[in-house]
Asks: 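Quick one: the structure is below, questions incoming.
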Amino acid sequence: MLGHDQSRQQGSRRRDFRWPALLTPTGGGIAYGGDYNPDQWPEDVWDDDIRLMRKAGVNTVAIAIFSWDRIQPEEQRWDFAWLDRIITKLGEAGIAVDLATATASAPLWLYEKHPEVLPLERNGDVVNPGSRQSWRPTSGIFKSYALEVCRRLARRYGHNPYVTAWHVNNEYGWNNRHDYSADALQSFRQWCRQRYGSVSALNEAWGTSFWSQEVQSFDEVLLPCHMGNDAMANPSQQLDFERFCSDALKAFYKAERDELERICPDKPFTTNFMVSTDQCAMDYADWSDEVDFVSNDHYFTPGESHVDELLCSDSLVGSLALGKPWYLMEHSTSAVQWKPLNSRKRSGELMRDALAHVAMGADAINFFQWRQSRFGAEAFHSSMLPHAGEDSKVFREVCELGGILGRLAESGVQGSELVRSRSAILFDADCEWATQCRTLPTTKLSHWHDVREWYRAFLDVSQRADVVSLRSDWSGYDTIVLPTMLVLSEHAVKRIAAFAEEGGRVVIGYATGLADENYHIAVGGYPGMLRDIAGVRSEEFNVLGELPGEPETIALSNGYVSRLWANEVTGIGEHAEVLATYSGGDAREWDLDGVPAIVRNRYGRGEVYYVGCDLGREDIAAFLREGMKLSADEDPGVVHMRRRSADSCFDFYLNRSRETVLLSEISGSPIAGKGVQRIQTPASYRLSRDGFLVMKSPC
Ligand code: GLA
Ligand code: GLA
C-alpha cells in the first residue's frame with residue numbers, strides 16, 4: 001500500500017502549462033473581463049454589451065456556464081444558433097471567448113427523466129433540482145448526458161478562432177461535493193479497493209476493531225452517512241471519504257476535459273478552483289496537475305483582514321500554479337449577495353484588489369459577472385455593469401481598471417513570475433479535512449484559518465511568506481511553518497526532517513503531527529509524528545474556552561498569551577532549549593506553571609521551533625520578531641511583491657492598512673498607481689488607504 005501523497009504523486013503527470021491567447025495581434029495581454037450571461041437578456045441588449053465591453057477594455061468573457069437548457073431545451077433538440085451569434089459578435093469585436101461546457105447546471109427535463117442522478121444528503125434526503133450542481137459526480141447516466149454536451153460543443157466550436165480556452169464545468173463541488181447516494185457508495189467501494197488492495201489493509205487503516213466496524217469484504221464498506229443523533233463517525237473513514245469526494249469530482253472533470261480534448265486538443269483547459277476565505281474545498285494540489293492553467297475564484301472578506309486574506313489565498317493559488325501566471329476567473333466589483341451581511345467595496349478597493357491579484361501572479365482579471373442580473377438568485381450581486389448602468393461609479397472604475405491593465409500588459413508584466421519569499425507556510429487538504437473532524441479535543445481547530453493567522457503575522461513584521469502546498473517542492477526556502485497540521489504521512493515527516501537536517505528552519509505549531517495519514521495517533525507522547533524533530537514530548541492537551549470558573553487564556557513567561565490550546569510538555573530533548581514557559585496564576589490553576597510552551601531544538605544542521613500553544617496573531621508576530629529574528633524595518637502597512645521577467649522587475653506596493661503609509665527610496669519608474677503622492681527625491685511616496693504603486697526597473 002502506498003501512502004496517500006506518494007500514490008497521488010505517482011498517479012499523475014503534470015500537464016504542460018498552456019495559456020489562452022487573446023485576439024490581439026500577438027495573442028498577448030492581460031485577460032480582462034468576466035462571466036457573461038447573454039442568455040439572460042434579449043438580443044437587442046447584446047450590441048450595447050459589446051459597445052460597453054470595448055469601452056471598458058474588456059478583451060475576454062466566459063460564456064455558457066449555466067446555459068445547458070438553452071443549448072439542449074429538450075433531449076432531442078439542440079440550439080446553437082444563439083451561441084453562434086454571440087460568439088461571432090464577441091470575436092468580431094476582438095473579445096476572446098472562454099467557452100464553458102455548460103454542464104454545471106442541467107436542464108429540468110433531465111432531472112424529471114432521471115431523478116436517479118440527484119445526490120443524497122448525509123441523512124438520505126434527496127437534493128432537489130432548482131439550484132445548480134444537483135447531480136451525482138458518480139452517476140454514469142449523468143455523465144453520459146454531460147459528455148454529449150461537451151462533444152457537441154467541441155465539434156461546433158473547437159476550431160472557432162474566437163474560442164480560445166475551455167472552461168470545464170464550474171466550481172466543481174460547490175453544491176455536490178458530498179454525495180451519499182448508491183452510486184457514490186459503489187464508487188467509494190471501488191476507490192477503497194484500489195487504495196488498499198485488501199480488506200485487511202483497509203481494516204487496519206480504518207481501525208475497524210473499534211465499535212465492531214470490521215468489514216469482511218469491500219461490499220461491506222459504508223459511506224459516513226447520518227448514523228443517528230448520537231453517532232460519531234470513524235475519523236479514518238471520514239478522511240478517506242473526503243479524499244474520495246475530491247477524486248470523484250476530479251474524475252468527472254477529467255472525463256469532460258478528455259471528451260473535449262479528443263476533438264480539439266489545441267486549446268487550453270481549465271476549471272475554476274475555490275481558494276478563498278472559508279473554503280479550500282478540494283485537494284487542489286492534486287487537481288492542479290490536470291489543468292493547463294490554474295484558475296481561481298476569489299471573494300473578499302469584508303473587514304480589516306480584506307487585503308491580507310486575499311494575498312494569503314492568492315499565494316496558495318500561485319503555489320498550485322507552480323509559480324506560473326494564473327487566471328483570476330471570478331471576483332466581485334463590490335458586494336456579493338450570499339452572506340448575512342454583504343458589504344460593498346469602498347471606492348478604490350475594486351482597483352486595489354484587482355492589482356493585488358496581478359501582483360500575486362494573476363495574468364487574468366475577471367469578475368462575476370459582466371451585466372448585473374435583473375432577476376434570479378444573484379440579482380443583488382455586484383457586477384461590472386451595475387443596475388445603475390453606464391453612468392455609475394463602479395462602471396467608471398471598471399473602465400479605469402481596463403486602462404491600467406492594458407498599460408501593465410504593454411510594460412511587459414504578462415508572463416513575468418512572482419519572486420519567491422524566503423519563508424513558506426505549508427498547507428495540505430488532508431490537514432484541513434482532518435481538523436473538520438468532530439471528535440477531537442476541540443471542534444474549534446482549523447488548519448486553513450491558522451495558515452492565515454501565520455500569514456498575517458508575517459505581514460505584521462514586514463515579511464511576506466509564501467503559502468505552499470505540502471506536496472510541492474519547498475526545499476529552496478529558509479523557513480517552513482506547519483500550522484495545525486494534524487495529520488502527516490511518514491513520507492511528509494521524512495521530508496520535513498531532511499529539510500531541518502540540511503540546515504532549514506522548521507516551525508511546528510500546536511495540534512501538529514499528532515496522527516498519520518490514516519488518522520492513527522502516533523503513540524509515546526505528542527506530537528508523535530514529529531517528537532524527535534521537535535525535541536519535545538507532551539502527554540496531554542490543555543484546551544481552553546468559555547468554561548465557567550476556568551481561565552480562558554494562560555500567560556507565558558515572555559508576555560505572550562495562549563488561547564485555545566496548550567500542550568502539556570513533560571520532557572525536552574538534549575539539544576532543546578526552552579524559549580518560554582507557561583507562567584502565573586492561570587497556569588498554576590492548570591498545573592502548567594513553568595511548563596515549556598515554546599522550545600527551540602537543534603536538529604541536524606538546522607533548527608526547529610516548537611510552538612505548542614495557540615498564540616494570537618500579535619504574539620505570533622512578536623515570536624517571529626523576537627524568537628526567530630525574522631522582521632524587516634519597512635512599514636508593515638506596506639506589502640511588496642516583485643514579479644520578474646527575463647529583463648525586467650515589476651515591483652508592486654500595496655497599502656494593507658487603513659492609514660497613509662510611506663514608501664521610502666524605492667527604485668524604478670512608476671508604470672501604474674492610485675492614491676500615490678510623490679514627496680521627495682530620491683523616490684519616496686505616500687500611499688493612501690487602498691493605494692497601490694507599480695514600478696518597473698531593469699533586472
Ligand atoms: C461563484 C459562481 C458564480 C457566481 C458567484 C457569485 O463563484 O461560480 O456563478 O454564483 O459565485 O459570487
Ligand atoms: C459512554 C460509552 C462508552 C464511551 C464513553 C465515552 O459511556 O458507553 O463506550 O463511548 O461514553 O465518554
Side-chain angles (χ1 to χ4, degrees), residues 33-40 61-69 98-106 130-134 167-177 207 209-213 227-235 249 253 270-282 284 294-302 309-310 313-314 317 327-345 350 353 357 362 364-373 375-386 394 438-443 543:
D35 286 11
Y36 178 37
N37 296 301
D39 36 335
Q40 289 178 13
V61 289
I63 64 170
I65 296 174
F66 298 107
S67 306
W68 190 343
D69 64 342
D98 167 36
L99 185 58
T101 55
T103 43
S105 200
S131 178
R132 31 181 187 177
Q133 289 181 340
S134 319
H167 181 110
V168 185
N169 213 288
N170 192 64
E171 291 192 341
Y172 283 96
W174 179 83
N175 197 36
N176 58 357
R177 177 172 154 213
S209 52
F210 189 84
W211 283 356
S212 211
Q213 292 173 359
M227 303 161 195
N229 289 332
D230 198 29
M232 293 174 263
N234 178 334
L249 282 156
Y253 159 75
T270 198
T271 187
N272 40 350
F273 296 166
M274 297 180 279
V275 178
S276 215
T277 326
D278 300 321
Q279 45 187 3
C280 195
M282 236 59 73
Y284 291 126
V294 166
S295 63
N296 192 52
D297 295 350
H298 183 272
Y299 286 93
F300 76 102
T301 304
E309 186 282 321
L310 182 160
S313 291
D314 280 7
V317 175
Y327 204 101
L328 182 69
M329 189 62 86
E330 293 179 21
H331 73 314
S332 65
T333 55
S334 190
V336 301
Q337 91 314 345
W338 38 261
K339 297 183 184 186
L341 284 176
N342 296 299
S343 306
R344 67 184 171 96
K345 289 189 180 177
L350 182 164
D353 286 359
H357 290 298
I365 296 297
N366 290 270
F367 293 98
F368 175 83
Q369 61 175 329
W370 163 249
R371 186 185 280 272
Q372 189 165 17
S373 301
F375 42 73
E378 299 188 312
F380 286 103
H381 193 295
S382 60
S383 68
M384 299 173 84
L385 182 60
V394 166
R438 304 284 84 191
T439 50
L440 295 169
T442 164
T443 55
V543 171

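In each ligand, atom 1 is the first atom listed, and ligand 1 is the first ligand listed. Numbering of residues begins at 1 and proceeds along the displayed sequence.
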Asks: When only distance counts, is Gln337 in polar contact with ligand 1, meaning an N/O pair under 3.5 Å?
Replies: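 Not met; the criterion fails.
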Asks: Establish, from distance only, whether the side-chain atoms of Thr271 and Asn169 form a donor-acceptor pair under 3.5 Å.
Replies: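 Note: Thr271 and Asn169 side chains miss the donor-acceptor criterion.
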Asks: Under a 4.5 Å cut-off applied to non-hydrogen side-chain atoms, are Thr101 and His167 in contact?
Replies: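 Heavy-atom side-chain distance check fails, nothing below 4.5 Å.
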Asks: Should you measure from each heavy atom of Asp297, which atoms of ligand 1 turn up under 4.0 Å away?
Replies: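 Heavy-atom distances to Asp297 below 4.0 Å select 7 (O), 8 (O).
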Asks: I'd like to check which ligand 1 atoms, numbered from 1 as shown, lie under 4.0 Å from a non-hydrogen atom of Glu171.
Replies: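 Heavy-atom distances to Glu171 below 4.0 Å select 1 (C), 2 (C), 7 (O), 8 (O).
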Asks: Considering only the protein, which heavy-atom contact is closest to atom 9 (O) of ligand 1, and what is its distance?
Replies: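 Answer for atom 9 (O) of ligand 1: Arg132 NH1, 2.9 Å.
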Asks: Are side-chain heavy atoms of Tyr299 and Lys339 found at a separation under 4.5 Å?
Replies: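 No; the side chains remain at least 4.5 Å from each other.
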Asks: Below 4.0 angstrom from a heavy atom of His381, which ligand 1 atoms are there? Numbered from 1 as shown, please.
Replies: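 Counting from 1, the qualifying ligand atoms are 6 (C), 12 (O).
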Asks: Would you mind reporting whether Lys345 and Thr333 have side-chain heavy atoms less than 4.5 Å apart?
Replies: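 They are not in side-chain contact.
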Asks: Counting from 1, what ligand 1 atoms have a heavy atom of Phe66 closer than 4.0 Å?
Replies: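 Those atoms are 9 (O).
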Asks: Compute the shortest N/O to N/O distance between Asp35 and ligand 1 and return yes if it is under 3.5 Å, no if not.
Replies: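 N/O-N/O distance under 3.5 Å: no.
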Asks: Can you pull out the closest protein heavy atom to atom 10 (O) of ligand 2? Residue, atom name and distance to 0.1 Å, please.
Replies: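 Atom 10 (O) of ligand 2 sits closest to the protein heavy atom Trp211 CZ2, 4.2 Å.
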Asks: Strictly under 4.0 Å, does any heavy atom of Trp174 approach an atom of ligand 1?
Replies: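 Outside the 4.0 Å threshold, so no.
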Asks: With a 4.5 Å limit on heavy-atom distance, are the side chains of Leu249 and Asn176 in contact?
Replies: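 When only atoms from C-beta onward are counted, Asn176 and Leu249 do touch, with a gap below 4.5 Å.
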Asks: When you compare the side chain of Phe300 with that of Ser332, does any pair of heavy atoms fall below 4.5 Å?
Replies: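 Yes - at least one pair of side-chain heavy atoms lies under 4.5 Å apart.
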Asks: Specify the protein heavy atom at minimum distance from atom 3 (C) of ligand 1: its residue, its atom name, and the distance to 0.1 Å.
Replies: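 Nearest protein contact, heavy atoms only, for atom 3 (C) of ligand 1 is Glu330 OE1, 3.4 Å.
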Asks: Among protein heavy atoms, which sits nearest to atom 4 (C) of ligand 1, and what does the distance come to when rounded to 0.1 Å?
Replies: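 Residue, atom and distance for the closest contact: Glu378 OE2, 3.2 Å.
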Asks: Relative to ligand 1, is Ile65 under 4.0 angstrom through side chain, backbone, both or neither, heavy atoms considered?
Replies: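 No part of Ile65 comes within reach of ligand 1.
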Asks: Check whether the side chains of Ser373 and Glu378 place a donor and an acceptor atom closer than 3.5 Å, and report yes or no.
Replies: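 Checked: Ser373/Glu378 side chains show no N/O donor-acceptor pair below 3.5 Å.
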Asks: With no hydrogens and no angle check, just 3.5 Å: does a side-chain donor-acceptor pair link Asn366 and His331?
Replies: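 Looking only at side-chain atoms, His331 and Asn366 do not form any donor-acceptor pair under 3.5 Å.
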